[in-house]
Amino acid sequence: MSVWVIEYYVQVVLLYALLIGKAWAVADVLGFRKQEYFAAADKQSKVFWAVLLVLTLAVQWFVKSPLSVFNLIGDVVMFVYFADVRPTLRSMRQH
(Lines give C-alpha, C1' and ligand atoms only; values in the text may rest on other atoms or scores of the structure.)
Protein backbone atom coordinates (compact mmCIF):
# COMPACT_ATOMS: atom_id res chain seq x y z
CA MET A 1 0.00 0.00 0.00
CA SER A 2 1.28 3.42 -0.93
CA VAL A 3 2.09 6.09 1.60
CA TRP A 4 -0.42 8.37 -0.15
CA VAL A 5 -3.21 5.85 0.35
CA ILE A 6 -2.41 5.51 4.05
CA GLU A 7 -2.31 9.29 4.40
CA TYR A 8 -5.67 9.56 2.65
CA TYR A 9 -7.31 7.08 5.03
CA VAL A 10 -5.80 8.75 8.08
CA GLN A 11 -7.20 12.09 6.92
CA VAL A 12 -10.64 10.56 6.29
CA VAL A 13 -10.72 9.02 9.77
CA LEU A 14 -9.52 12.31 11.29
CA LEU A 15 -12.13 14.27 9.31
CA TYR A 16 -15.02 12.16 10.53
CA ALA A 17 -13.74 11.92 14.10
CA LEU A 18 -13.52 15.70 14.32
CA LEU A 19 -16.92 16.06 12.65
CA ILE A 20 -18.45 13.76 15.27
CA GLY A 21 -16.68 15.65 18.05
CA LYS A 22 -18.01 18.99 16.84
CA ALA A 23 -21.52 17.60 16.43
CA TRP A 24 -21.31 16.26 19.98
CA ALA A 25 -20.20 19.68 21.26
CA VAL A 26 -23.11 21.37 19.47
CA ALA A 27 -25.59 18.84 20.87
CA ASP A 28 -24.10 19.25 24.34
CA VAL A 29 -24.28 23.02 24.41
CA LEU A 30 -27.77 23.18 22.90
CA GLY A 31 -29.36 20.30 24.71
CA PHE A 32 -27.76 19.83 28.09
CA ARG A 33 -26.42 23.16 29.37
CA LYS A 34 -28.54 25.93 30.89
CA GLN A 35 -27.95 29.59 30.07
CA GLU A 36 -27.67 30.48 33.75
CA TYR A 37 -24.71 28.17 34.26
CA PHE A 38 -22.64 29.99 31.65
CA ALA A 39 -23.08 33.33 33.43
CA ALA A 40 -22.50 31.81 36.87
CA ALA A 41 -19.32 30.09 35.65
CA ASP A 42 -18.05 33.38 34.20
CA LYS A 43 -17.87 31.87 30.72
CA GLN A 44 -19.17 33.34 27.49
CA SER A 45 -22.92 32.98 26.95
CA LYS A 46 -24.67 29.88 25.73
CA VAL A 47 -25.57 31.69 22.50
CA PHE A 48 -21.92 32.58 21.93
CA TRP A 49 -20.78 28.97 22.31
CA ALA A 50 -23.71 27.62 20.28
CA VAL A 51 -23.04 29.96 17.36
CA LEU A 52 -19.30 29.36 17.48
CA LEU A 53 -19.65 25.58 17.60
CA VAL A 54 -22.31 25.49 14.86
CA LEU A 55 -20.02 27.57 12.64
CA THR A 56 -17.10 25.22 13.26
CA LEU A 57 -19.34 22.25 12.48
CA ALA A 58 -20.49 23.88 9.24
CA VAL A 59 -16.91 24.65 8.21
CA GLN A 60 -15.90 21.06 8.99
CA TRP A 61 -18.81 19.81 6.89
CA PHE A 62 -18.05 21.94 3.82
CA VAL A 63 -14.24 22.12 3.97
CA LYS A 64 -13.29 18.49 3.67
CA SER A 65 -9.64 18.87 4.62
CA PRO A 66 -9.06 18.27 8.34
CA LEU A 67 -5.77 20.15 8.07
CA SER A 68 -7.15 23.40 6.63
CA VAL A 69 -6.57 26.52 8.70
CA PHE A 70 -10.30 27.03 9.27
CA ASN A 71 -10.79 23.48 10.49
CA LEU A 72 -7.78 23.74 12.78
CA ILE A 73 -9.26 26.89 14.32
CA GLY A 74 -12.54 25.02 14.75
CA ASP A 75 -10.70 22.14 16.39
CA VAL A 76 -9.20 24.53 18.92
CA VAL A 77 -12.66 25.95 19.67
CA MET A 78 -14.06 22.44 20.16
CA PHE A 79 -11.18 21.39 22.42
CA VAL A 80 -11.50 24.56 24.51
CA TYR A 81 -15.20 23.82 24.97
CA PHE A 82 -14.54 20.21 25.99
CA ALA A 83 -11.49 20.96 28.16
CA ASP A 84 -12.57 24.17 29.89
CA VAL A 85 -16.22 25.13 29.51
CA ARG A 86 -17.99 21.77 29.67
CA PRO A 87 -16.24 20.48 32.84
CA THR A 88 -17.00 23.75 34.62
CA LEU A 89 -20.67 23.61 33.64
CA ARG A 90 -20.92 19.95 34.62
CA SER A 91 -19.44 20.64 38.05
CA MET A 92 -21.97 23.41 38.62
CA ARG A 93 -24.84 21.05 37.91
CA GLN A 94 -23.66 18.77 40.72
CA HIS A 95 -23.86 21.51 43.36
Please check if Phe62 and Leu14 belong to a single hydrophobic cluster, counting links between Ile, Leu, Val, Met, Phe, Trp and Tyr side chain heavy atoms closer than 4.5 Å. yes
Hydrophobic cluster of Leu72, others only, ordered by chain and residue number, side-chain cut-off 4.5 Å: none
Apart from Val69 itself, residues in the same hydrophobic cluster as defined by side-chain heavy atoms under 4.5 Å: Ile73
Taking only residues two or more places apart in sequence, or in another chain, which ones meet Val59 in a side-chain contact (heavy atoms from CB on, under 4.5 Å)? Val63, Phe70, Asn71
Considering residues at least two apart in sequence or located in another chain, which fulfil the side-chain contact (heavy atoms from CB on, under 4.5 Å) criterion with Val12? Tyr8, Tyr16
Would a 4.5 Å heavy-atom cut-off, applied to side chains only, mark Arg33 and Phe38 as touching? yes
Results of ring pair (Phe, Tyr, Trp, His ring centres under 6.0 Å) for Phe82 - residues two or more places apart only: Trp24
Residue pairs fulfilling side-chain hydrogen bond (donor to acceptor under 3.5 Å, both in side chains) with at least one residue in residues 53-62, sequence neighbours excluded: Lys22-Gln60
Please name all residues satisfying side chain to side chain donor-acceptor pair (under 3.5 Å) with Lys43, sequence neighbours left out, ordered by chain then number. Asp84
Any salt bridge (Lys or Arg N to Asp or Glu O under 4.0 Å) pairs touching residues 54-66, not counting sequence neighbours? none
Got a sec, which residues hit side-chain contact (heavy atoms from CB on, under 4.5 Å) with Ser65, two or more places apart in sequence or on another chain? Leu67, Ser68
Indicate if Val77 and Leu55 have the same hydrophobic cluster label, given that clusters are the connected sets of ILVMFWY residues with side-chain heavy-atom separations under 4.5 angstrom. no
Distance, nearest 0.5 Å, that separates CG of Asp28 from CE of Met78: 12.5 Å
Please collect all salt bridge (Lys or Arg N to Asp or Glu O under 4.0 Å) contacts where either partner lies in residues 44-56, sequence neighbours excluded, each pair once. none
Roughly how far apart are Arg90 CZ and Tyr37 OH, rounded to 0.5 Å? 12.5 Å
Between Ala41 and Met92, what is the shortest heavy-atom contact and its length? CB-SD, 3.4 Å
Which residues pass the side-chain contact (heavy atoms from CB on, under 4.5 Å) test with Tyr9, sequence neighbours left out? Val5
Joint hydrophobic cluster, Val76 plus Phe79, side-chain heavy atoms closer than 4.5 Å: yes
What pair of heavy atoms forms the shortest contact from Val29 to Ala50, and how long is it? CG1-CA, 3.9 Å
